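The basis for the numbers below is simple: all heavy atoms, side chains too, and nothing from hydrogens, waters or symmetry mates. Note that the structure is predicted; figures quoted are calculated from it, not measured.
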Amino acid sequence: ETQAIRAGLRAALGAFVGHRGRTPASRPETRKSSLPVRSILPVILLAWSYFPARLNAQQPSQLDSYEGQKVAVVELVAKPGVDVEALRPLVLQKEGESFSTESVQSTRAALQRTGKFNKVEVEATPEASGLRVMFVLQPVYYLGMIDFPGALEAFSYPRLLQAVNYPPQEPYDESRVKAAERTLQRFLTENGYFTARVESESKLDEARLLVDVFFHITLNKRAKFGRVTVTGPAPNEAESLVRALRSLRASLRGASLKEGKRYDPERLQRAIAVIRNKLTQDNRLANEVRLEQPNYDPETNRADVTFR
């Protein structure tokens, strides 16, 4: 536990003072995009607030409290180079099954008996889809600094860190980095960067057992709104709703969806509120309004949106 705390604080404070803002030789833009002081301060506070939850998750009494809850993910986390899949047959706690303290403790003991690891720790973290159970095979590398070269001019650092959802003091896991890469890609698409590219790079610090992760991002042009349509109501009603989204009232509410405006997910959410309000005024059910997947045209750089 102490190693994780020291790793997280060392990485955060290192980024704050700049001594960890090194630039990979093949990526000269990394230093240019290193973390600004105003961005790293809230990250240090967020990381510090997370430590108690992480420590409590490793206590046996806390593990007992998860008995019977659904397990969504079971991970084996080891240092780079260890074939964790070869250890899978030893894992008795299965994904999709209920959490069993007995199965977890038996798995931990079996992994420890291999003699390959100094210590085997168990961490259980509640998530929306269920519990994430990690068997941490010490010694492991911990996630150090996370940087987003190419995106910090468009998004704040805390917002990008929230998008990847990988706290800096967690054990480093390549599969989670790849998952974070895909999540970040979806985040950029949702914000109108339909042609953005994301490439992750991990830099090992063997002396400190830390891994710095760089998500190199090429944003390209942000899309604009194209055609706006409403399906479901009668044609005349649908056209009335589209006009409402182009009205002065919609503009005052920041919900106008005129063609050519910059693509903005928050504007889309306000537009849904305008549609619901208009349906309510017309004594129509408004709870079922939803936004369909945007239809992006790379030739025009516009995204057609449909409300159903």
Side-chain angles (χ1 to χ4, degrees), residues 1-5 7-8 11 47 50-60 62-144 146 161-186 200-202 204 209-213 215:
E1 296 90 349
T2 303
Q3 180 186 5
I5 293 177
Y50 182 81
F51 289 140
R54 184 177 186 276
L55 294 180
N56 290 337
Q58 297 183 37
Q59 302 301 319
Q62 183 71 15
L63 292 177
D64 291 339
S65 68
Y66 296 124
E67 188 74 28
Q69 295 188 30
K70 178 186 174 182
V71 174
V73 180
V74 176
E75 295 181 320
L76 293 172
V77 182
K79 64 182 180 181
V82 175
D83 183 8
V84 294
E85 291 307 312
L87 300 169
R88 279 286 172 186
L90 300 177
V91 180
L92 301 180
Q93 176 65 67
K94 306 298 183 182
E95 296 178 355
E97 297 182 357
S98 298
F99 184 91
S100 167
T101 303
E102 181 181 356
S103 295
V104 167
Q105 297 293 11
S106 296
T107 299
R108 172 159 53 183
L111 292 169
Q112 192 72 65
R113 283 196 299 269
T114 63
K116 298 179 179 179
F117 313 108
N118 296 345
K119 185 178 181 182
V120 178
E121 299 174 345
V122 181
E123 298 180 13
T125 306
E127 296 184 349
S129 57
L131 290 176
R132 175 185 293 273
V133 178
M134 288 194 301
F135 294 93
V136 183
L137 313 178
Q138 297 287 2
V140 296
Y141 284 75
Y142 283 86
L143 194 62
I146 302 178
L161 195 64
Q162 183 182 33
V164 299
N165 192 27
Y166 198 165
Q169 74 283 358
E170 290 265 320
Y172 172 77
D173 183 354
E174 185 177 358
S175 65
R176 288 192 68 180
V177 172
K178 292 300 180 183
E181 185 178 305
R182 294 189 294 270
T183 302
L184 188 56
Q185 185 75 62
R186 287 195 298 272
S200 61
E201 177 189 16
S202 300
L204 274 65
L209 291 179
L210 291 175
V211 181
D212 291 341
V213 177
F215 292 97

Over all heavy atoms of both residues, which pair between [X] and [Y] is shortest? Give the atoms and the distance, please.
| X | Y | result |
| --- | --- | --- |
| A110 | L90 | O-CD1, 4.1 Å |
| A78 | V84 | CB-CG1, 3.8 Å |
| V71 | Q93 | CG2-NE2, 3.6 Å |
| P171 | V140 | CB-CG2, 4.2 Å |

- Task: Taking salt bridge (charged side-chain N to carboxylate O under 4.0 Å, His left out) as the test, write out the residues that go with K178, two or more places apart.
- Result: E181
With sequence neighbours excluded, what pairs up with [X] under the side chain to side chain donor-acceptor pair (under 3.5 Å) test?
| X | value |
| --- | --- |
| T114 | none |
| T183 | R186 |
| Q112 | none |

Identify, with sequence neighbours excluded, every residue that meets side-chain contact (heavy atoms from CB on, under 4.5 Å) alongside [X].
| X | result |
| --- | --- |
| D83 | E85, A86 |
| L92 | S103, S106, T107 |
| Q162 | none |
| A109 | R113 |

Is there a side-chain contact between [X] and [Y] (heavy atoms, below 4.5 Å)?
| X | Y | value |
| --- | --- | --- |
| F135 | V77 | no |
| F117 | V82 | yes |
| K116 | L137 | no |

- Show the numbers, then the answer: is there a side-chain contact (heavy atoms from CB on, under 4.5 Å) between L63 and Q105? CA-CA 10 Å; L63 292 177; Q105 297 293 11; 4.3 Å; yes
- Query: Which residue, D173, L161, V213, forms the side-chain contact (heavy atoms from CB on, under 4.5 Å) with Y166?
  - Reply: D173
- salt bridge (charged side-chain N to carboxylate O under 4.0 Å, His left out) partners of residues 89-102, not counting sequence neighbours, each pair once: none
- Taking only residues at least two apart or on different chains, which pairs with a member in residues 71-81 satisfy salt bridge (charged side-chain N to carboxylate O under 4.0 Å, His left out)? E75-R132
- Residue list, ring pair (Phe, Tyr, Trp, His ring centres under 6.0 Å) with F215, at least two apart or on another chain: F148
- Item | Whether E67 side chain and T101 backbone form a donor-acceptor pair below 3.5 Å | yes
- Distance-only side-chain donor-acceptor flag, Q185 / R182, under 3.5 Å: no
- Task: Please indicate whether E174 has more than 12 foreign heavy atoms, meaning atoms of other residues, nucleotides or ligands, lying under 6.0 Å from its CD.
- Result: no
